[in-house]
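The structure displayed is predicted, hence computed values, not measured ones. Start at 1 with the first residue, then count along the sequence.
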Amino acid sequence: MRFNKVLASALFSSAALYGSARADTGEDALEDAPSSAESSTSTRPAIEHPTFTPVTIKAPFLEQFTDGWDSRWVPSHAKKENDKTGDEEWTYVGNWAVEEPTVFKAIEGDKGLVVKDKAAHHAISAKFPKKIDNKGKTLVVQYEVKLQNGLECGGAYLKLLRENKALHQEEFSNASPYVIMFGPDKCGSANKVHFIFQHKNPKTGEYEEKHLKTPPMARIVKTTTLYTLIVKPDQTFEIKIDGSSAKNGTLLEDFTPSVNPDKEISDPKDTKPDDWVDVSRIPDPEAKKPEDWDETAPYEIVDEEATKPDDWLDDEPTVVPDPEAEKPEDWDDEEDGDWVPPTVRNPKCDEISGCGKWEPPMKKNPDYKGKWTAPFIDNPAYKGPWEPRKIPNPGYFEDKTPANFEPMGAVGFEIWTMQNDILFDNIYIGHSIEDAENFKALTFDIKQPIEKQEAEEAAPAEPEKPKSPSDLKFLDDPVYYVREKVDLFLTLAKRDPIMAIKFVPEVAGGALAVLFTVIAIIVGSMVSGGSPPQPKKASEKPKGTAAEVKAAEARKDASETPKRTSKKAD
């Protein structure tokens with residue numbers, strides 16, 4: 001029982017130690033809803049919900065998830081390839097559905113593609129009517145994301161898949177070759193809008209991922225968010241969120257690794273010469289210790305100018321027997337010896353400068369110099385940092401038009417997420433910025449103000465208990481905090497232990513604290529156990545009278561073990 005209490009206490013304490021408040025992650029006006037739903041609705045007209053009508057805009061690919069969507073979209077149940085071992089595991093078991101929003105529905109009959117399962121891998125794709133080749137053209141990718149249950153750990157991005165005859169939708173997985181990956185991804189403090197493209201090395205024919213260096217943050221709200229990517233033939237790009245520019249740059253400068261390798265590289269065969277001097281400062285070899293330098297002078301000396309305070313009591317002890325201590329009822333003078341009460345600080349000393357023998361305080365020695373060392377000077381033999389010589393890069397090439405992506409044959413969602421009910425809608429993939437804007441005006445611009453009004457009117461008068469483990473605070477409900485954090489950690493650990501440690505460090509730290517506590521208990525019990533006392537031999541029996549023998553044993557016990565003192569009376 002005691003062991004269980006120690007474990008519980010350690011986990012509880014470690015959770016409190018490692019628990020930290022989470023900063024806001026981009027939630028905007030929706031988090032600052034009016035304090036009363038009644039007051040907000042009293043000044044607003046009733047919300048009108050228009051009826052969904054498909055747009056007539058034409059594009060290489062445009063999807064509103066109307067009737068017949070299941071003939072265009074094919075879910076995958078392939079096995080996810082393990083990036084570390086190459087083994088196949090983690091089947092895509094997540095289910096998909098096309099349905100209307102369950103949170104802040106703005107347009108009657110407007111349906112979207114919905115992720116239905118928590119903590120599961122999902123994959124689904126749709127082939128383009130014909131391949132999309134944007135060489136020399138602008139590429140526009142635009143779609144809506146509605147995080148109906150928020151997003152604590154998972155992706156909501158899409159992939160444009162490379163056109164090839166081996167593109168089997170039933171086997172779509174993380175290993176399927178893609179051209180562009182774009183959209184929001186969040187787990188713990190990591191929050192970004194991905195823009196990754198695969199670039200083909202013209203010399204080796206191999207593909208390499210190019211990641212945007214400083215991607216913008218995703219909007220984590222329960223209303224619809226519109227993500228737009230525009231890549232132009234001049235190699236520039238722009239990312240828009242809800243129609244506003246969030247990031248722009250060029251494919252040639254803002255991605256890592258760089259599209260084009262360096263013209264020159266360090267010669268791997270070049271080595272630093274043995275006589276190369278890269279130490280810039282050295283002790284002055286001509287410097288000598290001054291004759292008056294005293295290395296033996298102490299750091300502190302007695303302050304001879306100090307005087308004893310007038311209220312100092314030399315004859316008053318610093319500690320006195322505890323007046324509240326009482327001799328224990330089970331104390332046996334013959335077995336335990338004379339009872340000595342514990343001591344406490346003399347209360348008289350707290351009211352004055354001090355008690356007992358007065359001694360002058362110490363002060364810093366003005367003559368203290370410490371150990372002498374030679375001053376440093378610039379090294380006359382210094383040659384600077386050594387670098388290997390440069391040679392032409394045998395793998396160098398120059399691609400001035402990386403925006404001429406490989407032909408694309410399909411679009412797909414291949415994600416893992418802790419939250420379900422993520423809704424995707426109104427996907428546009430084409431070459432016209434104007435058409436994408438018109439599509440936005442006919443869809444997103446209509447639903448956004450309605451959703452925001454619904455969100456504000458639905459805001460509770462009082463804050464609800466956090467539904468997400470990342471929103472919890474330890475002091476609000478310690479038991480609930482620990483339980484939710486542990487449950488989340490175990491769920492993540494089943495899929496990816498490293499991700500679990502990064503996303504829920506509180507539990508990982510708590511587990512380490514428990515482990516160290518258990519080790520301390522085991523080691524402590526081993527040390528305190530010691531060896532059993534050895535019986536005295538008859539021949540070693542002390543000589544003398546009974547009283548003398550008893551006194552001698554009492555003195556021996558007192559010298560070997562500390563005197564037992566009383567406990568303060570309850």
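Put simply, the side chain of Glu316 never gets that close to the backbone of Lys348: no donor and acceptor are under 3.5 Å apart. With hydrogens and angles ignored, the 3.5 Å screen pairs a side-chain donor or acceptor of Lys210 with a backbone N or O of Ser258. A donor-acceptor pair under 3.5 Å is formed between the side chain of Asn379 and the backbone N or O of Val279. One N or O on the side chain of Trp331 and one on the backbone of Gly337 form a donor-acceptor pair closer than 3.5 Å. Between the side chain of Asn365 and the main chain of Pro298, a donor-acceptor pair closer than 3.5 Å is present.
The environment of Asp292 atom CG is dense: over 12 non-hydrogen atoms of other residues, nucleotides or ligands sit within 6.0 angstrom. Annotation: Glu295, atom CD; neighbour count of heavy atoms from other residues, nucleotides and ligands within 6.0 Å is above 12. Environment of CG in Asp315: sparse, with no more than 12 heavy atoms of neighbouring residues, nucleotides or ligands closer than 6.0 Å. By the neighbour-count criterion of 12 heavy atoms within 6.0 Å, atom CD of Glu206 is sparsely surrounded, having that number or fewer from other residues, nucleotides or ligands.
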>> As a quick check of understanding, evaluate side-chain contact (heavy atoms from CB on, under 4.5 Å) for Phe182 and Val193, giving each step before the final call.
In response: CA-CA 7 Å; Phe182 171 65; Val193 177; 3.9 Å; yes

>> Would Tyr299 and Tyr368 count as a ring pair (Phe, Tyr, Trp, His ring centres under 6.0 Å) here? Give the steps.
In response: CA-CA 6 Å; Tyr299 179 74; Tyr368 172 77; 5.2 Å; yes

>> I'd like to know whether Ile220 forms a side-chain contact (heavy atoms from CB on, under 4.5 Å) with Lys186, so could you lay out the CA-CA distance, the side-chain angles of the two residues, the decisive distance to 0.1 Å, and finally the verdict.
In response: CA-CA 9 Å; Ile220 310 302; Lys186 181 180 183 298; 3.6 Å; yes

>> Applying ring pair (Phe, Tyr, Trp, His ring centres under 6.0 Å) to Phe255 and Phe237, what does each step give before you reach the verdict?
In response: CA-CA 11 Å; Phe255 287 79; Phe237 73 90; 5.5 Å; yes

> Could you walk me through whether Val319 and Val344 pass the side-chain contact (heavy atoms from CB on, under 4.5 Å) check?
Replying inline: CA-CA 5 Å; Val319 295; Val344 294; over 6 Å; no

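Here the side chains of Trp339 and Pro341 are in contact, with some heavy-atom distance below 4.5 Å. By the 4.5 Å heavy-atom criterion applied to side chains, Lys118 and Asn420 are counted as neighbours. Taking the side chain as every heavy atom from C-beta outward, Lys308 and Asp314 approach each other to under 4.5 Å. Side-chain atoms of Trp386 and Trp276, non-hydrogen and from C-beta on, do get closer than 4.5 Å to each other. Residues Ile239 and Leu212 are in side-chain contact: their nearest non-hydrogen atoms beyond the backbone lie under 4.5 Å apart. No side-chain heavy atom of Lys247 sits under 4.5 Å from any side-chain heavy atom of Glu238. Here the side chains of Asp322 and Thr343 are not in contact, with every heavy-atom distance at 4.5 Å or above. In this structure, the side chains of Lys240 and Tyr227 stay at 4.5 Å or more apart for every pair of heavy atoms.
Between Arg389 and Asp270, at least one side-chain nitrogen of the basic residue sits less than 4.0 Å from a carboxylate oxygen of the acidic one, meeting the salt-bridge criterion. One finds a salt bridge joining Asp333 and Lys327 here, because a Lys/Arg side-chain nitrogen approaches an Asp/Glu carboxylate oxygen to under 4.0 Å. We find that Asp242 and Arg219 are joined by a salt bridge, their nearest charged nitrogen and carboxylate oxygen being less than 4.0 Å apart. Between Lys272 and Asp278 there is a salt bridge, since a side-chain N of the basic residue sits under 4.0 Å from a carboxylate O of the acidic one.
In this structure, CD in Glu152 is found 10.0 Å from CG in Asn191, a value given to the nearest 0.5 Å. Note that CG of Leu151 and CD of Gln419 are 5.5 Å apart. Values are rounded to the nearest 0.5 Å. Separation of atoms NE2 (His121) and CD (Glu414) is listed at 8.5 Å; rounding is to 0.5 Å. Atom CG of Asp310 is separated from atom CD1 of Ile352 by 11.5 Å, given to the nearest 0.5 angstrom. Atom CD of Gln148 sits about 5.0 Å away from atom CG of Asp421, to the nearest 0.5 Å. We find the OG1-CG distance between Thr236 and Leu252 to be 10.5 Å, quoted to the nearest 0.5 Å.
For the residue pair Thr296 and Asp294, a side-chain donor N or O sits within less than 3.5 Å of a side-chain acceptor on the partner. In this structure, a donor-acceptor pair under 3.5 Å is present between the side chains of Ser353 and Asp311. Thr250 and Gln235 are not linked by any side-chain donor-acceptor pair at a separation below 3.5 angstrom, with hydrogens and angles left out of the test. Counted by atom type alone, Lys146 and Thr223 present zero donor-acceptor pairs between their side chains at under 3.5 Å. The closest side-chain donor-acceptor pair between Asn201 and Glu208, if any, does not fall under 3.5 angstrom.
Contact between Asp185 and His194 at its shortest, heavy atoms only, is OD2-NE2, 2.9 Å. Between Lys390 and Ser266, the closest heavy-atom pair is NZ-OG, 3.3 Å. When all heavy atoms of Asp378 and Arg281 are compared, the closest pair comes out as OD1-NH1, 2.8 Å. Here the shortest heavy-atom pairing between Pro317 and Cys355 reads O-CB, 4.1 Å. The nearest pair of heavy atoms linking Asp284 to Ala374 is O-CB, 3.8 Å. Across every non-hydrogen atom of Gly249 and Asp254, the tightest pair is CA-OD2, 3.2 Å.
A cation-pi arrangement is present between Lys369 and Trp293 under the rule of less than 6.0 angstrom and at most 45 degrees off the ring axis.
Taking the six-membered ring where tryptophan is involved, the planes of His199 and Phe197 are perpendicular, since the angle between them exceeds 60° and thus also 30°.
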